[in-house]
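To keep things clear, I will list the structure first and then write my remarks on it.
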Amino acid sequence: MCGVIGAIGQGPVIADIVDGLLFLQHRGQDAAGVATFDGTSFRLHKAMGLVREIFDRVDLTHHTGHIGIGHVRYPTIGGGAVDDAQPFMVNSPFGIAMSHNGNLTNFKSLKNELKDKCRRHVSSQCDVEVILNVFADELSRLTTGSNSPPDDPATIDAIFQAVTGTFRRCKGSYSVVAVIAGVGLLCFRDPFGIKPLIYGKRPDGKGTRWMVASESCALVSQNFKVERDVQPGEAILFRTGQPPLPRQVAPSKGHLCIFEFIYFARPDSEIDGISVYKARMRLGSTLARRWEEKDGAEVDAVIPVPDSSRPAAQQMAAKMKRPFREGLLKNRYIGRTFIMPGDANRKKGIRYKLSPVRLEIKGKRVLLVDDSIVRGNTSKAIIQMVRETGAREVHMASSCPALRHPCVYGVDMSTRKEFIARDRTDDEVRVAIGADSLLYQQLDDMVSACRPPNEEGERRFCMACMDGKYPTGDITQAVLDEIESERTVAGSGV
Ligand code: AMP
């Protein structure tokens with residue numbers, strides 16, 4: 001999924017960027033990077049690992065720039081060397097550094113087009129290198145022959161037009177932050193607004209410091225006051241000492257990824273005006289209603305699978321009037337775990353991450369609540385562990401409906417065979433994970449739980465992984481096959 005951040009102010013922004021990245025770490029633990037610009041030079045640092053691991057051991061004092069961007073990369077299968085870590089840079093038509101969160105669905109054809117028609121070479125497997133080169137190509141066509149300085153109104157206009165051109169050529173999902181030398185900080189969100197992007201401000205000496213980030217928690221943590229979400233199809237240019245310059249450069253066809261509410265985002269964030277925490281609580285309420293409707297089993301304890309499902313489990317327990325118990329403890333200090341092949345290793349992996357609290361499990365009928373069941377390995381291993389700890393019955397509820405369709409927009413589930421529910425009924429999934437009963441969230445319940453109650457007007461989400469409806473309208477079987485085959489070979493940082 002990845003996380004992006006950008007800041008511009010009167011003085012150095014590196015501390016805000018690195019500290020802000022710590023609040024986006026949940027969006028990607030594989031690699032991280034920053035780029036700053038001081039009016040003359042860009043400084044770039046990227047490496048594999050967690051934000052703390054990377055930036056605690058490097059001297060950042062030479063990052064004196066007043067504009068900068070940062071990125072955390074989501075772990076991917078197979079690929080993902082440091083060469084693919086972000087930000088990326090080009091030197092022409094202006095120095096531009098860029099980072100994104102998202103996934104291009106026409107990466108390969110754009111990469112070839114850039115080489116064959118634009119004389120631009122893309123050497124990484126990272127989508128943002130393509131977005132950056134498409135943007136630079138558009139900008140260079142629009143400014144060829146012009147001697148205007150970078151901050152001339154004609155150049156500013158060309159920057160917005162270049163974003164329109166980027167939207168026309170780049171298919172898929174992407175929220176982008178970029179530094180343009182001599183101009184400022186640019187951000188834009190694709191017309192479908194699948195990935196979140198938000199900005200805010202903070203007093204800075206005699207002026208204002210602006211920050212853009214994937215999630216509001218990064219702004220709030222650095223004492224920025226949230227202004228608003230960047231709209232789908234909108235670009236905003238921030239320049240030192242001037243108010244932001246927003247422009248709707250393409251019509252908004254907003255379809256925010258609903259999986260942000262299920263799993264990805266931090267519960268203290270608000271996305272497109274929706275509190276993630278509240279949405280998760282409502283997901284628990286609807287589960288409780290369905291549990292009662294279907295005459296679910298009597299249980300002695302409702303137990304969350306930490307951490308994303310906790311608000312839903314709490315609410316479910318409250319509505320069912322059953323005790324909420326922390327029956328599984330997560331080891332917070334284990335850091336990244338690796339996807340290990342083989343059942344024995346996988347089981348060991350789960351046991352490293354989660355430990356059963358015997359007192360809350362032994363002899364009890366327990367209801368485990370998880371945010372989602374993707375491949376089913378986690379649920380299967382947890383249920384087995386809970387049974388071995390002495391549970392009498394193990395029931396399972398999932399905040400998310402059954403997942404059956406590949407995500408082509410950046411969530412790490414892009415091949416059909418990854419889904420346990422792909423060719424199985426709910427009861428067959430129950431048998432496969434070894435639960436006594438299984439309750440999945442229903443699609444329309446999920447949508448109403450994620451919408452703020454009493455909200456007027458239309459609210460559309462991307463839930464293609466559940467209903468197979470891809471909002472961009474250009475996902476053919478051939479595109480799915482191509483993404484799937486690329487994915488099986490190597491993953492790209494998203
Ligand atoms: P599994 O069913 O074994 O694939 O694992 C599902 C668990 O992984 C859920 O409990 C989620 O907390 C977590 N999860 C869901 N989606 C993702 C994802 N795209 N990347 C990493 N972890 C995920």
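Just follow the structure's listing: the first ligand is 1, and inside any ligand the first atom is 1. Just so it is clear, the values below take in all heavy atoms, side chains as well, and ignore hydrogens, waters and symmetry mates. Here the structure is a predicted model, which means the values were calculated and not measured.
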Practice problem: Name the closest protein heavy atom to atom 10 (O) of ligand 1, giving the residue it belongs to and the distance to 0.1 Å. | Solution: Asp370 OD2, 2.7 Å
Quiz prompt | From Asp307, Ile433, Ile420, Thr378 - option closest to atom 8 (O) of ligand 1 by heavy atom | solution =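 Considering heavy atoms of Asp307, Ile433, Ile420, Thr378, the nearest to atom 8 (O) of ligand 1 sits in Thr378.
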Quiz prompt | Residue selection (non-hydrogen contact nearest atom 23 (C) of ligand 1) among Tyr263, Phe419, Tyr74 | solution =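 Looking at heavy atoms only, the winner is Tyr263.
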With a cutoff of 4.0 Å, is [X] in contact with ligand 1, counting heavy atoms of the residue only?
| X | value |
| --- | --- |
| Ser379 | no |
| Asp371 | yes |
| Ser372 | yes |

Within the structure, does [X] bring an N/O atom to less than 3.5 angstrom of an N/O atom in ligand 1?
| X | result |
| --- | --- |
| Gly376 | yes |
| Arg375 | yes |
| Phe259 | no |

Heavy-atom check, side chain of [X] versus side chain of [Y], under 4.5 Å:
| X | Y | answer |
| --- | --- | --- |
| Val212 | Ile236 | no |
| Tyr470 | Leu480 | yes |
| Ile262 | Ser308 | no |

Practice problem: Would you mind listing which atoms of ligand 1 come within a distance below 4.0 Å of any non-hydrogen atom of Ile373? | Solution: 2 (O)
Quiz item: Can the ring centroids of Phe259 and Tyr409 be said to lie less than 6.0 angstrom from one another?
Solution: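 Ring centroids of Phe259 and Tyr409 are no less than 6.0 Å from each other.
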Quiz item: Can the ring centres of Phe167 and Phe188 be said to be less than 6.0 Å apart?
Solution: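 Centroid separation for Phe167 and Phe188: below 6.0 Å.
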Self-check item: Asp445/Arg289 salt bridge by N-O under 4.0 Å criterion
Solution: yes
Self-check item: Partner of Glu360 under salt bridge (Lys or Arg N to Asp or Glu O under 4.0 Å), chosen from Arg358, Lys364, Lys362
Solution: Lys364
Quiz item: Taking the six-membered ring for Trp, are Phe261 and Phe461 parallel (under 30°), tilted (30 to 60°) or perpendicular (over 60°)?
Solution: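 Correct class here is perpendicular.
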Quiz item: Side chain or backbone of Val411 under 4.0 Å from ligand 1, or both, or neither, by non-hydrogen atoms?
Solution: side chain
